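Not measured: the values here are computed from a predicted model. Chain naming here is simple, since letters A, B, ... match the order of the sequence lines and numbering starts at 1 in each.
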Amino acid sequence: MQRKAFTFEFEAVPPYCFDLTVHKPAGWWWSTPNEVFQKRVLWTTVRVDSCLYGLRLRAAESSRKRQIVSCTVYSDKKLSGLEKDSLASNVERALGVKEDINEFYLIGRRDKILQHTIDDLWGMRTVAWPELFPALILAVTLQMAPMKRSNQMMDLLIANFGDNVHFGGKTIAHWPSADRIAELGVNELEGKAKLGYRAKSLISIARALRDGFPTADELLRMSPNEAKKQLMTLHGIGDYSAELIMPGMGFPLDVWSAKIFGLLFLGEEPQDPRDAIPELKKMAIERWGKWRGHAFVYVLNDLPMISKGFGVDLTNF
DNA sequence: GCGTCCAGGTCTACC
DNA sequence: GGTAGACCTGGACGC
């Protein structure tokens, strides 16, 4: 059982909405699929520098002028100053509190697709995974599989190889560490997590991370192109996965989202969505420039409302 | 019940 | 450098 260790606070660059940032309408988690969001409080877990922590996150103040996020950390040991700094830096980055999105809103206000979406999701930050390895797991399990099957693989990975964290009267199951997966044989991972051909990729990725692959913070300090190039050196990580992992890096279109953006950009579903991806990416760059990653997340989290505005059902692909 | 198809990509062999 | 084909697994579908 982890005990309350300390609390820190972050002041966000307005506009900032804590609830939408950590609990997105499309259903994606902030750190782990098993985290609990109730009464506007997020109970979750993170692993930083091989240490697991329980976190209780909430909006301590959310007036128009000042938005403060409070983070209570639970731990089973006393933390050094360095450990506290490292944890705070990762949480701050994943909350997106220091990001200024006002320029994106200026562009969005004049854009037919985004103009209502920015009101629907006012203050939401996009996706910035607290840890690199879980983001890589997500990318690998999303490949060539329907969502139900992807969820099955992720659930089995967590159930068989993950860690339970007990804190604040709750138990949250967390992702397996890269070190744990790096030790496994392909047969065990294939059998227990039903990963199929992805097992080899995931073990190779875990070993690369164990052996000194750049951390999420180090990737962020690189240029987007350099970081993407680094990610694509990992076996099983291609163009789509690299862009999915690093927020703001690009426009991670897959077959599903290509159908949606095909309808929004061209007024019709592409005949072959996979073939249409390069052209749709080009259109996103021309339309939204460096903010295309934000537009991507905003659109996919507002599909029911955009469907009403455009008179097409974008929720049924 | 059984066979076939295909899914929210990536890699590799071949040209 | 461009591209067809293979890749685990399980749900959907037709018969």
Indicate every side-chain donor-acceptor pair of residues 165-176 of chain A with a distance under 3.5 Å to a residue at least two apart or in another chain.
residue, atom, partner, partner atom, Å
A:His166, ND1, A:Thr171, OG1, 2.8
A:His174, ND1, A:Thr45, OG1, 2.7
A:His174, NE2, A:Glu131, OE2, 2.8
A:Trp175, NE1, A:Ser31, O, 2.8

Only distances under 3.5 Å count here; give the side-chain donor-acceptor pairs of residues 299-313 of chain A to other protein atoms, sequence neighbours excluded, each with its distance to 0.1 Å.
residue, atom, partner, partner atom, Å
A:Asn301, OD1, A:Ala26, N, 2.9
A:Asn301, ND2, A:Val297, O, 2.9
A:Asp302, OD2, A:Thr117, OG1, 3.1
A:Ser307, OG, A:Leu303, O, 2.7
A:Ser307, OG, A:Val312, O, 3.3
A:Ser307, OG, A:Leu314, N, 2.9
A:Asp313, OD1, A:Thr315, N, 3.0
A:Asp313, OD1, A:Thr315, OG1, 2.5

Name every donor-acceptor pair, under 3.5 Å, that has one atom in a side chain of residues 278-286 of chain A and the other anywhere in the protein, sequence neighbours excluded.
residue, atom, partner, partner atom, Å
A:Lys281, NZ, A:Asp239, OD2, 2.6
A:Lys281, NZ, A:Glu243, OE1, 3.2
A:Lys281, NZ, A:Glu243, OE2, 3.3

Which atom pairs, one a donor and one an acceptor, fall under 3.5 Å between side chains of residues 255-264 of chain A and the rest of the protein, sequence neighbours left out?
residue, atom, partner, partner atom, Å
A:Ser257, OG, A:Asp254, N, 3.0
A:Ser257, OG, A:Asp254, O, 3.4
A:Ser257, OG, A:Asp254, OD1, 2.7

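Ionic pairing of A:Asp163 and A:Arg47 is present here: one or more N-O contacts between side-chain nitrogen and carboxylate oxygen are shorter than 4.0 angstrom.
The P atoms of C:dC8 and B:dT12 are separated by 13 Å, rounded to the nearest whole Å. One P atom belongs to C:dA12, the other to B:dG8, and the distance between them is 12 Å to the nearest Å.
Not counting sequence neighbours, the partners of A:Ala178 by the side chain to side chain contact (heavy atoms under 4.5 Å, CB included) test are A:Phe133, A:Ala206, A:Leu209. Here A:Glu11 pairs with A:Arg66, A:Ile68 under the side chain to side chain contact (heavy atoms under 4.5 Å, CB included) rule; sequence neighbours left out. With sequence neighbours excluded, no residue forms a side chain to side chain donor-acceptor pair (under 3.5 Å) with A:Thr21. Not counting sequence neighbours, the partners of A:Asp275 by the side chain to side chain contact (heavy atoms under 4.5 Å, CB included) test are A:Asp272.
From the 5' end on, the contacts that DNA chain C makes with chain A at under 4.0 Å to a non-hydrogen atom open and close at C:dC7 to C:dG10.
In this structure, A:Phe6 belongs to a hydrophobic cluster whose other members, linked by side-chain heavy atoms under 4.5 Å apart, are A:Phe8, A:Phe10, A:Tyr16, A:Phe18, A:Val22, A:Trp30, A:Phe37, A:Leu42, A:Val46, A:Val48, A:Tyr53, A:Leu55, A:Leu57, A:Val69, A:Val73, A:Leu79, A:Leu87, A:Val91, A:Leu95, A:Val97.
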TODO: Can you run through DNA chain C from 5' to 3' and write each base as (, ), [, ], | or . depending on how it pairs? Watson-Crick or G-U wobble, both distances under 3.5 Å.
DONE: |||||||.|||||||
Under 3.5 Å, which protein N or O atoms sit close to an N or O of nucleotides 6-10 of chain B? Give each pair with its distance.
residue, atom, partner, partner atom, Å
B:dG8, N3, A:Asp254, OD2, 3.2
B:dG9, OP1, A:Val255, N, 3.2
B:dG9, N7, A:Arg274, NH1, 3.2
B:dG9, N2, A:Tyr197, OH, 3.2
B:dT10, OP1, A:Gly238, N, 2.9
B:dT10, OP1, A:Ser241, N, 3.0
B:dT10, OP1, A:Ser241, OG, 2.7
B:dT10, OP2, A:Tyr240, N, 3.4

